[in-house]
Amino acid sequence: PAGAAAAPLPEEDCMKLNPSFLGIALSSLLAIDLWASKRLGVCAGEGSAWGSARPLMKVIEVSGHGIPWLLGTFYGLCQSDSSAAREVLLNLLFALLLDLVMVAVVKGLVRRPRPTHNKMDMFVTISVDKYSFPSGHATRAALVCRFVLRHLVLAVPLRVLVVLWALIVSISRVMLGRHNMTDVLFGLLLGYALYGVVEHCWLSPATAPALFALW
């Protein structure tokens, strides 16, 4: 009949017509993230606003890469003649390997592509490095920073330099166009959390005698 009330829409149709506030908020944050990341990618290419600083940014990129850290830590482990130093270096090696595995797993699950303005000219990449989330450099910077501040005795100026290095490495990822801001922020949080895992699973002659018998 003409005067009868319209039948209510099925629940699933209501949800399609009225997207959730959370969905709208996430979409808006993603759009802001992409826009701001592109604006901050001032060293993404030679023709960018700060293109002349790109070579320096790439040196900073190498300083946070996993290979130099792994090779340096392994070399120090082989050369060390102190049991205390070997324990610290072995756990740093464990931390770096854990970082590589976790970042690779998350990248493989999320599969977020790198920013469109990124140039794929990174120093030594592997298959999952075509993905952007999270930033492996940022996770490594946060992890190494916490590790060094906790286990090395450093003067205050050096401690400040370690923190600045971690921040500069992280910021450089966006400036080079390698990552969006959320990739870096999540990477920092992940690296911070991974350090807690390393501390909880700390390797020592008592807990891992076979490993220490190798050195």
Side-chain angles (χ1 to χ4, degrees), residues 55-108 121-129 134-173 175-176 178-179 183-215:
L56 175 60
M57 290 293 106
K58 293 189 72 174
V59 171
I60 294 172
E61 177 176 65
V62 173
S63 78
H65 197 280
I67 289 181
W69 277 100
L70 284 169
L71 292 178
T73 303
F74 185 76
Y75 177 79
L77 190 57
C78 293
Q79 295 297 315
S80 177
D81 56 0
S82 164
S83 58
R86 284 196 298 271
E87 181 174 336
V88 170
L89 288 169
L90 186 60
N91 281 278
L92 178 57
L93 185 63
F94 165 63
L96 294 170
L97 292 172
L98 177 65
D99 168 66
L100 286 176
V101 171
M102 288 302 300
V103 169
V105 168
V106 177
K107 281 187 174 183
D121 59 350
M122 293 174 285
F123 173 74
V124 187
T125 60
I126 58 176
S127 59
V128 292
D129 283 334
S135 166
H137 279 68
T139 65
R140 192 170 303 109
L143 176 61
V144 169
C145 180
R146 285 197 73 189
F147 192 100
V148 168
L149 294 181
R150 174 66 177 83
H151 294 287
L152 295 186
V153 179
L154 300 174
V156 172
L158 290 177
R159 296 175 72 85
V160 172
L161 284 177
V162 170
V163 175
L164 285 177
W165 167 80
L167 292 175
I168 291 171
V169 166
S170 301
I171 293 170
S172 73
R173 309 313 292 152
M175 293 179 67
L176 279 169
R178 306 294 197 210
H179 292 279
D183 304 331
V184 172
L185 291 175
F186 184 84
L188 288 171
L189 291 174
L190 179 60
Y192 190 91
L194 285 178
Y195 174 78
V197 175
V198 174
E199 282 291 298
H200 181 73
C201 303
W202 187 261
L203 304 174
S204 68
T207 59
L211 284 175
F212 285 87
L214 297 174
W215 284 279

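Hydrogens, waters and symmetry mates are skipped; everything else that's a heavy atom, side chains included, is used. Numbering starts at 1 and runs along the sequence shown.
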(message) Do W165 and V169 have side chains that approach each other closer than 4.5 Å (heavy atoms only, starting at C-beta)?
(response) yes
(request) Would you name the heavy atoms of V184 and H179 that are closest together and state the gap between them? (result) CG2-CB, 4.1 Å
(message) Apply side chain to side chain contact (heavy atoms under 4.5 Å, CB included) to residues L194 and M102 and explain how you reach the verdict.
(response) CA-CA 9 Å; L194 285 178; M102 288 302 300; 3.8 Å; yes
(request) Return yes if some donor-acceptor pair links the side-chain N/O of R178 with the main-chain N/O of R173 below 3.5 Å, else return no. (result) no
(request) Check for a donor-acceptor pair, side chain of T73 on one end and backbone N or O of W69 on the other, with a separation under 3.5 Å. (result) yes
(request) Measure from the side-chain N and O atoms of D99 to the backbone N and O of A95, and report whether any donor-acceptor pair falls under 3.5 Å. (result) no
(request) Specify the closest pair of heavy atoms between P68 and V62, including all atoms of both residues, with the distance to one decimal. (result) CG-O, 3.7 Å
(message) Testing the basics here: between V103 and G136, what is the closest heavy-atom pair and its distance to 0.1 Å?
(response) CG1-CA, 3.9 Å
(message) Would you say that L100 contacts L70 through its side chain, given a criterion of any heavy-atom pair below 4.5 Å between the two side chains?
(response) yes
(message) Quick check for you: to the nearest 0.5 Å, what is the distance between Q79 atom CD and L89 atom CG?
(response) 11.0 Å
(request) State, to 0.1 Å, how close H151 and V88 come at their nearest heavy-atom pair, and which atoms those are. (result) CB-CG1, 4.2 Å
(request) Give a yes or no on whether the backbone of G76 and the side-chain of S80 come within a donor-acceptor separation of less than 3.5 Å. (result) no
(request) Mind checking the CG-CZ spacing from L149 to R159? Nearest 0.5 Å is all I need. (result) 4.5 Å
(message) Are the side chains of L158 and V162 in contact, using a 4.5 Å heavy-atom criterion?
(response) no
(message) Within this structure, what is the NZ-OG distance for the pair K107 and S135, rounded to the nearest 0.5 Å?
(response) 7.0 Å
(request) Specify the closest pair of heavy atoms between R146 and Y192, including all atoms of both residues, with the distance to one decimal. (result) NH1-O, 2.9 Å
(message) Nearest 0.5 Å, please: how far is SG in C145 from CG in L164?
(response) 9.5 Å
(request) Calculate, to the nearest 0.5 Å, the distance between atoms CE and CD belonging to M175 and E61 respectively. (result) 12.5 Å
(request) For H137, enumerate each residue passing the ring pair (Phe, Tyr, Trp, His ring centres under 6.0 Å) test, keeping only those at least two apart in sequence or located in another chain. (result) H65
(request) With sequence neighbours left out, write down each residue that passes ring pair (Phe, Tyr, Trp, His ring centres under 6.0 Å) with F186, or none if nothing qualifies. (result) F133
(request) Ignoring hydrogens and angles, tell me if any N or O in the side chain of R140 forms a donor-acceptor pair with the backbone of L96 under 3.5 Å. (result) no
(message) Would you compute the distance between atom CG of L176 and atom CD1 of I171 and round it to the nearest 0.5 angstrom?
(response) 12.0 Å
(request) Work out which heavy atom in C201 is nearest to a heavy atom in N91; give both atom names and the distance. (result) O-OD1, 4.5 Å
